[in-house]
Protein chains: 2
Amino acid sequence: MKAYLFIKGFLFDNIMEYQLTHSEENYLKEIFHLSGVDAFRVSTNNLAARLNSKASSITDMLQKLAEKELVSYVKYKGCNLTDKGEGIAVQIIRKHRLWETFLVMKLNFGWEEVHDIAEQLEHIDSTKLIDSLDHFLDYPKFDPHGDPIPDKDGKITYRKAKIKLSETVVNSLVEIVSVNEDSASLLTYLEKNNLVLGICIRIIEKYEFDKSMRIALENGNELNLSKKVIENIGVKFISKT
Amino acid sequence: MKAYLFIKGFLFDNIMEYQLTHSEENYLKEIFHLSGVDAFRVSTNNLAARLNSKASSITDMLQKLAEKELVSYVKYKGCNLTDKGEGIAVQIIRKHRLWETFLVMKLNFGWEEVHDIAEQLEHIDSTKLIDSLDHFLDYPKFDPHGDPIPDKDGKITYRKAKIKLSETVVNSLVEIVSVNEDSASLLTYLEKNNLVLGICIRIIEKYEFDKSMRIALENGNELNLSKKVIENIGVKFISKT
DNA sequence: ATTAATTTTTAGTCTTGTCTAAAAATATGT
DNA sequence: ACATATTTTTAGACAAGACTAAAAATTAAT
């Protein structure tokens, strides 16, 4: 029996070619995150910082991934995912987000404690397992942080008009729809200040000198948020006055 | 905050010392299985066969594990788990069996397809995860193959008087309580012949020349089972005539 | 009790993924 | 445009975990 991999309308055979190591999978995932929706080129140093690694290690791995045609890599010019590479990255992200959803919905974890465990679970290799989990969870569209969960075929349902809180203008009324999941301390901080998914806030003032922002909650409470914080919150407009 | 490891009545601190690699964990688990309840010494070649590895690789790893005081190893004389090593092995087995139970009970997997996935999941490192899973599954005592699931403290509830089907005498009436989980093809074979957990069979005849056996099912059907098969089925006596 | 067969260990090599230090390419500032 | 700063790559090293081939210890057999 032959196995196939269906990516972006292309059918690749010999799926065994895509049995990657944890490390390789982490590289693909991080390149995907860094290159964003517009598929920016990702620089070696950027990747090194995100993967807690050194530039020289990144260069080595990029050459290896380029050899496998998972990234397009040009010396001194950074890298990009190929269609194959992106297809795999999306499947890893699917696994990560489904496991996070499982941990929160079924095992009663808090949304701020699931990231590290999902980092491990995302490397478990079984299509049947992940599709069964998807079914068990009733095909969720978004994970506990508000990020979209890619489906079996890698299709991602983006929420329309999601932008960073830091990009909003004064007086906007917005709903929090996602939080960058990387830092457990940030998540705890937000939880403590009641800045949870689905809540509405209004931007009161923006301070140029340190790029911070003052916002108001639904209950009237006001709060100052640093540059760091507002860059890690994704919002959707409710209305603009 | 300090973390502790409670093993067989001893309290070990500095749990970080026990962050083992997948490979190390697999060695401990396999030594545990091979040395059985009576803690037999396990030979290098035996381990090599079970781990699909070479004797020289085993020697290397045993020296490393002895260094960490997880096995007691004597040159040319094989190895044994220390209390620490056994405590860790039992926790890995706990994880393996809980995940198998999850796959069968919640994700509707067949009992014969869960072993390979559980081999991966057993290495996920999170005490909170596994304890939550245990709770979610309502603290099961036995896994889908009939093997006992160690509890949080490593205690194992053995079924009394479990022996191999091959060790029974003619005319015994026994209940199938476990099946050695290693071979998917064996499991499929048993399923096909309705030899599932909990079923009762009677031993009709034993053949010395090839160590095979003829048995009868509850519905009267008779069946010949090879040496290989009857050595991999665990049973409990119901009565002996 | 020696010799033969088997098991186990040692010694040396390989791959993966990482690192440091130094060299090369690119980007920046005046 | 040229010197300086930054980024990226190369070269060489290392640890983990496995392997092969050869040596040493143990076990079995006559």
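These values consider heavy atoms only, across backbone and side chains, with no hydrogens, waters or symmetry-generated copies. Here is the naming used below: chain letters follow the sequence lines, and residue numbers restart at 1 for every chain.
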Checklist entry - What string of B, S and - do you get for nucleotides 19-24 of chain D 5' to 3' if you count protein non-hydrogen atoms under 4.0 Å? => result BBB---
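- Atom P of nucleotide C:dT16 and atom CG of A:Leu51 are separated by 19 Å, given to the nearest angstrom.
- The aromatic ring centres of B:His145 and B:His115 sit 6.0 Å or more apart.
- When atom types are taken as modelled, the side chain of B:Asn52 and the backbone of B:Ala48 share no donor-acceptor pair closer than 3.5 angstrom.
- In this structure, CD of A:Glu24 is placed 15 Å from P of C:dT15, rounded to the nearest angstrom.
- For the pair A:Leu47 CG and D:dT7 P, the computed distance is 14 Å after rounding to whole Å.
- An OP1 or OP2 oxygen of D:dT10 is reached within less than 4.0 angstrom by a side-chain nitrogen or oxygen of A:Gln63.
- Contacts of A:Thr44 with the nucleic acid, taken as non-hydrogen atoms under 4.0 Å apart, involve only primed sugar atoms and P, OP1 or OP2.
- At a threshold of 4.0 Å, the pair B:Glu24-B:Lys68 counts as salt-bridged, since one of the basic side-chain nitrogens sits closer than that to a carboxylate oxygen.
- Applying the side-chain contact (heavy atoms from CB on, under 4.5 Å) test to A:Glu30 and every residue at least two apart in sequence or in another chain returns A:His33, A:Leu34, A:Leu47, A:Arg50, A:Leu51.
- Residue B:Asn45 has no polar side-chain atom (N or O) positioned under 4.0 Å from OP1 or OP2 of C:dT6.
- Here D:dT6 presents its C1' atom at 13 Å from CG of A:Asn46, a figure rounded to the nearest Å.
- Taking atom CG on A:Leu62 and atom C1' on D:dT9, their separation rounds to 11 Å, with Å as the unit.
- Here the P atom of nucleotide C:dT16 and the CG atom of A:Asn26 are 17 Å apart, to the nearest Å.
- Judged by the 6.0 Å and 45° rule, B:Lys106 forms no cation-pi pair with A:Phe136.
- Remark: A:Tyr73 is in phosphate contact with D:dT9, judged by side-chain N or O atoms under 4.0 Å from OP1 or OP2.
- Looking at B:Lys29 and B:Glu122, a side-chain N of the basic residue comes within less than 4.0 Å of a carboxylate O on the acidic one, giving a salt bridge.
- Mapping B:Ser43 and A:His22 onto DNA chain C by nearest heavy atom places B:Ser43 closer to the 5' end of the strand.
- Closest to the side chain of A:Lys77, from the set C:dT26, D:dT9, C:dT18, is C:dT26.
- Separating the CE atom of A:Met61 from the C1' atom of C:dC19 is a distance of 14 Å, rounded to the nearest angstrom.
- For B:Phe102, the ring pair (Phe, Tyr, Trp, His ring centres under 6.0 Å) partners are A:Phe102, B:Trp99, not counting sequence neighbours.
- Between the C1' atom of C:dT9 and the CD1 atom of B:Ile58 lies a distance of 13 Å, rounded to the nearest Å.
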